[in-house]
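To start, the structure under review is shown below, and the notes come after it.
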Amino acid sequence: MSSRDALPLPQSDRPTATAPGHWVLARAGKRVLRPGGAALTTAMLARAELAGAQVVEFAPGLGRTATEICKAPISSYTGVDQDPDAAARVSQLVAAHGHALQADARETGLPDASADVVVGEAMLSMQSEKGKRQIIAEAVRLLRPGGRYAIHELGLRPDDVADAVKVDITKNLARAIHVNARPLTRAEWTALLTDAGLVVDWVGTAPMALLKPGRNLRDEGVRGVARILFNVLRDRELRRRVLTMRATFNKYKSHLEGIAIVAHRPEES
């Protein structure tokens, strides 16, 4: 076992019954915790133009995307995570390229215009509208002119989904994952970015299949799926939480998707 594997998972001190859903899935052994899966993340990173970039990643979590970022010939990597255990894990993963610091993505303390690329996945969805705007504003502050902001979040479809359906989805997601998730439509996500002064360059979507067998085989591999099944079958409370999340995702599968967007900060005139 590596020293990184010996580190506790984020929020491991919280009971499984009340822990946020993404960390419950991490306890089950799941390593790809993005709504659109690893393939959508790969497509997003390809369009973020990482080569030679100074990269900042908000909420890197277990560091799966950080590892992919560092495979590119980047100049440097800085992770920003509020959870000290997550920051410690990611720092070990990216030691050859940079580090991760414990800080709030709304106010990182990093210098103005110090990044070529800012990446954030599955974290804006967990914020209120105010929180979303604050984090996006911080990303814009960090970006140099021409720099790219790449996000991968939970989306709602179609763009004209009824308000009553939005409320129902938000309420039931909160009950299932114990986080006040507030997904947005494609039009709403792009509007948030353009309102902050960014120019949207690319949008990609994928089914929200976080707990589907086929997606897990692609994302986690056969050994990873076996690990997840073993952990879920031997832990009753873990099994209950995972099944509740799966039922909720299935109930709203026609309205949920993973959405990734790459936008850039315009060159200064």
Is the closest side-chain heavy-atom distance between [X] and [Y] below 4.5 Å?
| X | Y | value |
| --- | --- | --- |
| L198 | T194 | no |
| F249 | P35 | no |
| I136 | Y149 | yes |
| V203 | I259 | yes |
| F58 | V118 | yes |
| P158 | H255 | yes |
| E68 | T41 | no |
| R14 | P20 | yes |

Quiz item: When clusters are formed from ILVMFWY side-chain contacts under 4.5 Å, directly or step by step, what else is grouped with L243?
Solution: none

Same cluster (ILVMFWY, side-chain, under 4.5 Å), [X] and [Y]:
| X | Y | result |
| --- | --- | --- |
| L210 | L256 | yes |
| L110 | I69 | no |
| V262 | L192 | no |
| L238 | L62 | yes |
| V119 | V200 | no |

Quiz item: Stepwise, does the side-chain hydrogen bond (donor to acceptor under 3.5 Å, both in side chains) test hold for T185 with R157?
Solution: CA-CA 6 Å; T185 65; R157 61 185 183 188; over 6 Å; no

Would you find a donor on one side and an acceptor on the other, under 3.5 Å apart, between the side chain of [X] and the backbone of [Y]?
| X | Y | answer |
| --- | --- | --- |
| S114 | P111 | yes |
| D83 | G61 | no |
| R148 | V117 | no |
| D219 | V32 | no |
| R265 | P145 | no |
| D116 | A53 | no |
| R215 | P207 | yes |
| T190 | A187 | yes |

[X] [atom1] to [Y] [atom2] distance, which is reported to the nearest 0.5 Å:
| X | Y | atom1 | atom2 | result |
| --- | --- | --- | --- | --- |
| H152 | I261 | NE2 | CD1 | 11.0 Å |
| R182 | L154 | CZ | CG | 13.0 Å |
| D104 | Q134 | CG | CD | 8.5 Å |
| C70 | L93 | SG | CG | 8.5 Å |
| T78 | H99 | OG1 | NE2 | 5.0 Å |
| Q82 | M123 | CD | CE | 8.0 Å |

Self-check item: Verdict with reasoning, E188 to K166, per side chain to side chain contact (heavy atoms under 4.5 Å, CB included)
Solution: CA-CA 13 Å; E188 290 167 337; K166 289 183 181 180; 2.6 Å; yes

Exercise. Report the C-alpha separation of L156 and L184 in whole Å, then their side-chain angles, then the decisive distance to 0.1 Å, and conclude whether the side chain to side chain contact (heavy atoms under 4.5 Å, CB included) test is met.
Key: CA-CA 5 Å; L156 288 174; L184 300 176; 5.9 Å; no

Quiz item: When you look at N172 and D168, which way does the side-chain hydrogen bond (donor to acceptor under 3.5 Å, both in side chains) test go after all the steps?
Solution: CA-CA 6 Å; N172 285 289; D168 190 53; 3.1 Å; yes

Using a strict threshold of under 4.0 Å (side-chain N to carboxylate O), is an ion pair present between [Y] and [X]?
| X | Y | answer |
| --- | --- | --- |
| R240 | E237 | yes |
| R133 | E138 | no |
| E220 | R31 | no |
| D112 | R141 | yes |

Quiz item: Residues two or more places apart in sequence or in another chain: which of them pass salt bridge (charged side-chain N to carboxylate O under 4.0 Å, His left out) with R47?
Solution: none

Closest heavy-atom contact between [X] and [Y]?
| X | Y | value |
| --- | --- | --- |
| T108 | A103 | O-CB, 3.9 Å |
| T170 | A181 | CG2-O, 3.4 Å |
| I151 | M44 | O-SD, 3.3 Å |
| A28 | V232 | CB-CG2, 4.0 Å |
| R241 | V24 | NH1-CG2, 3.5 Å |
| A196 | V140 | O-CG2, 3.9 Å |

Quiz prompt | Option among Q54, E57, H97 that satisfies the side chain to side chain donor-acceptor pair (under 3.5 Å) test with Y77 | solution = E57

Exercise. For atom CZ of R227, decide whether the heavy atoms of other residues, nucleotides or ligands shown that lie under 6.0 angstrom number more than 12.
Key: yes

Exercise. Take atom CZ of R246 as the centre, draw a 6.0 Å sphere, and report whether it contains more than 12 heavy atoms from other residues, nucleotides or ligands.
Key: no

Quiz prompt | For M245, the option from L25, L173, N250 that meets side-chain contact (heavy atoms from CB on, under 4.5 Å) | solution = L25

Exercise. Go through D163 and V165 one step at a time and tell me if the side chain to side chain contact (heavy atoms under 4.5 Å, CB included) criterion holds.
Key: CA-CA 5 Å; D163 288 341; V165 175; over 6 Å; no

Quiz item: Between T65 and R34, does a side chain to side chain contact (heavy atoms under 4.5 Å, CB included) hold up when you go through it step by step?
Solution: CA-CA 10 Å; T65 298; R34 309 312 187 203; 3.8 Å; yes

Practice problem: For T205 and R186, test the side chains for any donor-to-acceptor distance below 3.5 angstrom and give the result as yes or no. | Solution: no

